[in-house]
Novice: 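One structure is given below, represented as structure tokens, and several questions about it will come after.
When a ligand or atom number is given, it counts from 1 through the structure's own listing order. We number each residue from 1, following the sequence as shown.
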Amino acid sequence: MPAIATLLPLYDIEKEHVLISEKEYRKRKTRLGRKLKPFSVAVLFSAVQKTRSNDTEYPYRQNSNFYYMSGFKEDSAVLIFVKEAKNFKTYLFVAKKDKTQELWHGKRLGVDKAKELFDVDDIFEFDAFNEKFKKNVVGKHHIYYDFGLDYAKVKLLKRSTKNVLSYENIASYIETMRLIKSKSEIKLIKKAISITKKAHHKAMKRAKKSEYEYQLQADIEYVFRKNGAYSDAYTSIVACGNAANTLHYINNNKKLVQGELILIDAGCEYEYYASDITRTIPVNGGYTKAQTEVYEMVLHVQKEIIAMIKPNVFRSALQKKSEELLCQGMVSLGILNGDVKTLIKEKAHKKYYPHGIGHWMGLDVHDECPYKKLNGNEIPLKPGMVMTIEPGIYLDEEDENIPNKYRGIGIRIEDDILVTKEGCENLSSCIAKEIKEITRKSSSNL
Ligand SMILES: [Mn+2]
């Protein structure tokens with residue numbers, strides 16, 4: 001290798017340590033603070049610990065909206081905005097340092113350390129929240145909080161407000177902001193995808209040596225954790241043969257059958273950002289003729305839809321086109337019979353393609369961002385949005401209306417797409433999806 005190569009700074013998302021800067025969090029708070037009505041208080045709560053049983057808890061995961069505004073990962077925390085006529089202040093409440101609590105549950109940042117790290121106007125102990133809130137709410141006309149939360153603290157917040165003119169849902173403001181991803185958010189998504197890529201490629205290589213679906217699930221989730229992903233972004237689906245025709249199949253406990261396909265819908269979460277990838281791969285290295293026919297049809301549709309993505313296009317247009325193309329494909333394979341237009345009108349294709357073409361993705365796998373404006377109009381695609389494109393076709397083994405050779409085949413192909421100024425970027429194009437590529441990986445001896 002020429003010596004010069006070592007001098008060039010190589011961009012390697014897999015090695016890069018990406019974080020969202022405090023400056024960016026400050027910007028988000030400023031944007032939200034400006035949107036609030038004069039004389040208002042906005043309250044954002046951290047997620048609460050969920051008990052699994054007795055004194056055992058589920059792994060804690062911060063509330064996405066709270067995390068988006070604060071970057072704070074601990075529980076027992078609140079972020080509030082106190083707005084006067086024009087100016088506003090932000091206060092963070094965090095759990096106090098407590099030796100006994102910390103012995104069992106781990107170290108807390110505490111107020112002093114949090115003050116060094118978080119750019120808010122002041123930080124107090126969580127226990128001081130009730131009193132501070134009551135003081136700040138005097139003379140305020142509007143209270144913002146997340147209507148979706150059912151915390152004891154929310155009830156207390158409503159009890160301690162008098163003469164308030166309106167309660168507003170803060171979640172919808174934040175979720176609208178979350179629609180457009182910043183550069184650092186996109187880097188985190190790319191990082192999540194780079195780990196998920198390794199996991200899917202490992203599954204392709206391990207399929208023919210594996211006996212059960214859960215073994216492939218274990219291989220996939222091993223790669224997630226091994227590479228620093230906190231967890232999966234959703235429960236992995238590893239569905240062999242006809243199991244793929246159950247859309248939310250998560251048992252993953254069936255034996256892998258030679259000659260069948262395995263639908264794998266799995267993606268990791270890295271530093272709170274999701275990836276969401278589906279590949280449909282063969283158990284023993286190769287696709288049969290019938291499997292190839294269906295696979296190529298779905299892949300063709302997926303590519304066509306991705307090619308449509310650019311600013312100002314509507315998701316509903318992508319949906320419509322995907323239904324037309326899949327319906328056409330089903331007719332050409334003899335799965336449906338008749339005129340495409342009539343079949344679409346009768347929704348005949350919905351039996352085999354019952355779901356949406358894709359969804360927003362970000363802090364949550366199904367990112368909780370709006371699809372419509374408040375006036376009901378659809379939100380068009382804009383640069384910085386990230387959505388999945390995942391056409392699928394599900395041909396149940398017991399369906400006697402379809403040609404025998406296709407019964408029991410379920411195929412979905414899903415990628416994560418960033419809308420750019422010029423069009424779009426397929427962030428997961430690095431994950432094998434052409435039959436040739438998958439077959440090559442599946443046939444390797446690992
Ligand atoms: Mn998805």
Novice: What N, O or S atom of D276 is found closest to the Mn ion (ligand 1)?
Specialist: OD2
Novice: Taking the six-membered ring for Trp, is the centroid-to-centroid distance between F72 and F118 below 6.0 Å?
Specialist: yes
Novice: State whether H366 contributes an N/O/S atom found under 2.8 Å from the Mn ion (ligand 1).
Specialist: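 Here the distance criterion (N, O or S atom, under 2.8 Å) is not met by H366, so no.
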Novice: For the pair W360 and Y371, name the ring-plane relationship: parallel under 30°, tilted 30 to 60°, perpendicular over 60°.
Specialist: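 Judged by the thresholds at 30° and 60°, the geometry between W360 and Y371 is parallel.
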Novice: Please state whether the rings of Y145 and F147 are parallel, tilted or perpendicular, taking 30° and 60° as the class boundaries.
Specialist: tilted
Novice: Could you grab the angle centred on the Mn ion (ligand 1), going from OE2 in E390 to OE2 in E414, to 10°?
Specialist: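 My answer is 80°, to the nearest 10°.
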Novice: Decide, yes or no, whether a salt bridge links E437 with R279 under the criterion of side-chain N to carboxylate O below 4.0 Å.
Specialist: no
